[in-house]
Amino acid sequence: MKSNFYERVYTVTAEIPEGKVATYGLIARWLGKPRGARAVGWALRDVPTDLHIPAHRVIYRDGSLAASEVFGGFGIQKERLIAEGVPFKDDDHVDMKAAVWEGPLHVVDE
DNA sequence: TTGGTGACGGGGA
DNA sequence: ATCCCCGCCACCA
């Protein structure tokens, strides 16, 4: 059993399929921590780049993206999402209704 | 152990 | 939509 919250966040995030996105709160919920959204954001902030975790697919509940500086530059996250086919509602909001991932079909142990 | 911190989220004005 | 405030959580000095 891995009590390591970070690892569990990475595991679920790694499962987000191309063209789909998830939110911090959703991931927290799948991990059994409905109120742990901030902790998820914290975990994603420290993702080792060599793990190839698609952290850019995790966005805000309202479809907006992370601070422009976070992914190495203005618009980087948006470009990557568009390249994967993620539908946008407008210039800076993902079309959540169509792009949110349903979530892992299996239970994520604690 | 305590306290500060932040890639959050929800509710109210 | 925007701003503000507050509760939550894991981390790290």
Side-chain angles (χ1 to χ4, degrees):
Chain A
M1 86 181 216
K2 49 185 66 171
S3 56
N4 193 305
F5 186 74
Y6 278 25
E7 276 190 45
R8 294 201 289 136
V9 171
Y10 300 158
T11 299
V12 177
T13 302
E15 292 178 48
I16 302 174
E18 255 186 57
K20 290 292 182 179
V21 296
T23 71
Y24 303 95
L26 237 26
I27 290 177
R29 199 173 103 58
W30 295 329
L31 261 37
K33 307 288 182 181
R35 307 297 164 238
R38 300 188 81 162
V40 171
W42 191 302
L44 292 178
R45 194 187 73 165
D46 294 340
V47 175
T49 56
D50 48 298
L51 291 185
H52 303 144
I53 300 296
H56 60 290
R57 294 178 189 155
V58 183
I59 63 181
Y60 290 90
R61 185 91 176 86
D62 66 358
S64 55
L65 310 183
S68 57
E69 316 74 50
V70 180
F71 287 95
F74 189 76
I76 298 300
Q77 180 177 24
K78 180 182 175 184
E79 288 177 34
R80 295 187 63 180
L81 291 176
I82 290 179
E84 299 179 352
V86 173
F88 275 66
K89 186 181 174 68
D90 59 51
D91 289 323
D92 39 42
H93 289 79
V94 170
D95 180 346
M96 300 305 273
K97 194 176 191 301
V100 176
W101 180 39
E102 309 77 8
L105 302 180
H106 60 83
V107 177
V108 180
D109 297 324
E110 305 232 1

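Just so it is clear: chains get the letters A, B, ... in the order the sequence lines come, proteins before strands, and each one is counted from 1.
Residue A:Ala39 places its side chain closer to C:dA10 than to any other of B:dC8, C:dA10, C:dC11. Comparing atom distances between the A:Val70 side chain and each of B:dG6, B:dA7, B:dG9 picks out B:dA7 as nearest. Taking every side-chain heavy atom of A:Leu44 into account, B:dA7 is the closest of B:dG6, B:dA7, B:dC8.
Here C:dC8 presents its C1' atom at 15 Å from CG of A:Leu31, a figure rounded to the nearest Å. When the P atom of C:dC9 is taken as reference, atom OH of A:Tyr6 falls 16 Å away, rounded to whole Å. The separation between A:Ile59 atom CD1 and B:dG9 atom C1' is 14 Å, rounded to whole Å. Between A:Asp62 atom CG and B:dG11 atom C1' there is a gap of 15 Å when expressed in whole angstrom units. For the pair A:Trp30 CH2 and B:dG9 P, the computed distance is 12 Å after rounding to whole Å. In this structure, the CG atom of A:Leu26 is 15 Å from the C1' atom of B:dA7, given to the nearest Å. Here C:dC12 presents its P atom at 13 Å from CZ of A:Phe5, a figure rounded to the nearest Å. The interatomic distance linking A:Tyr60 (OH) with B:dG9 (C1') rounds to 11 Å, in whole Å.
In terms of polar N and O atoms assigned as donor or acceptor, the side chain of A:Arg38 comes within less than 3.5 Å of the base of C:dG7 in a complementary pairing.
Side-chain nitrogen and oxygen atoms of A:Thr23 include at least one within less than 4.0 Å of the OP1 or OP2 phosphate oxygen of B:dG9. Contact check, A:Lys33 against C:dC8: no side-chain N or O comes under 4.0 Å of OP1 or OP2. Considering only side-chain N and O atoms, A:Arg61 lies under 4.0 angstrom from the phosphate OP1 or OP2 of B:dG10. Between B:dA7 and A:Tyr24, no contact under 4.0 Å exists linking OP1 or OP2 to a side-chain N or O.
Within 4.0 Å (heavy atoms only), A:Ala43 reaches no atom of the nucleic acid at all. Residue contacts shown for A:Phe71 include a base, since a base heavy atom lies under 4.0 Å away.
None of A:Val100, A:Ile59, A:Asp62 except one satisfies the side-chain contact (heavy atoms from CB on, under 4.5 Å) rule with A:Val94; the exception is A:Ile59.
When the side chains of ILVMFWY residues are joined at heavy-atom separations under 4.5 Å, either directly or via intervening members, A:Ile53 and A:Tyr6 end up in a single hydrophobic cluster. Under the 4.5 Å side-chain heavy-atom criterion for Ile, Leu, Val, Met, Phe, Trp and Tyr, A:Ile76 and A:Val58 are members of distinct hydrophobic clusters.
Across the interface with DNA chain C, nearest-nucleotide mapping of A:Arg35 and A:Asp46 shows A:Arg35 to be the residue nearer the 5′ end. Place A:Trp42 and A:Asp90 on DNA chain C by their nearest nucleotides, and A:Asp90 ends up nearer the 5' end.
Residues passing the ring pair (Phe, Tyr, Trp, His ring centres under 6.0 Å) test with A:Tyr60, sequence neighbours excluded: A:Tyr24.
Here the closest heavy-atom approach between residue A:Tyr10 and residue A:Ala43 is recorded as OH-O, 3.0 Å.
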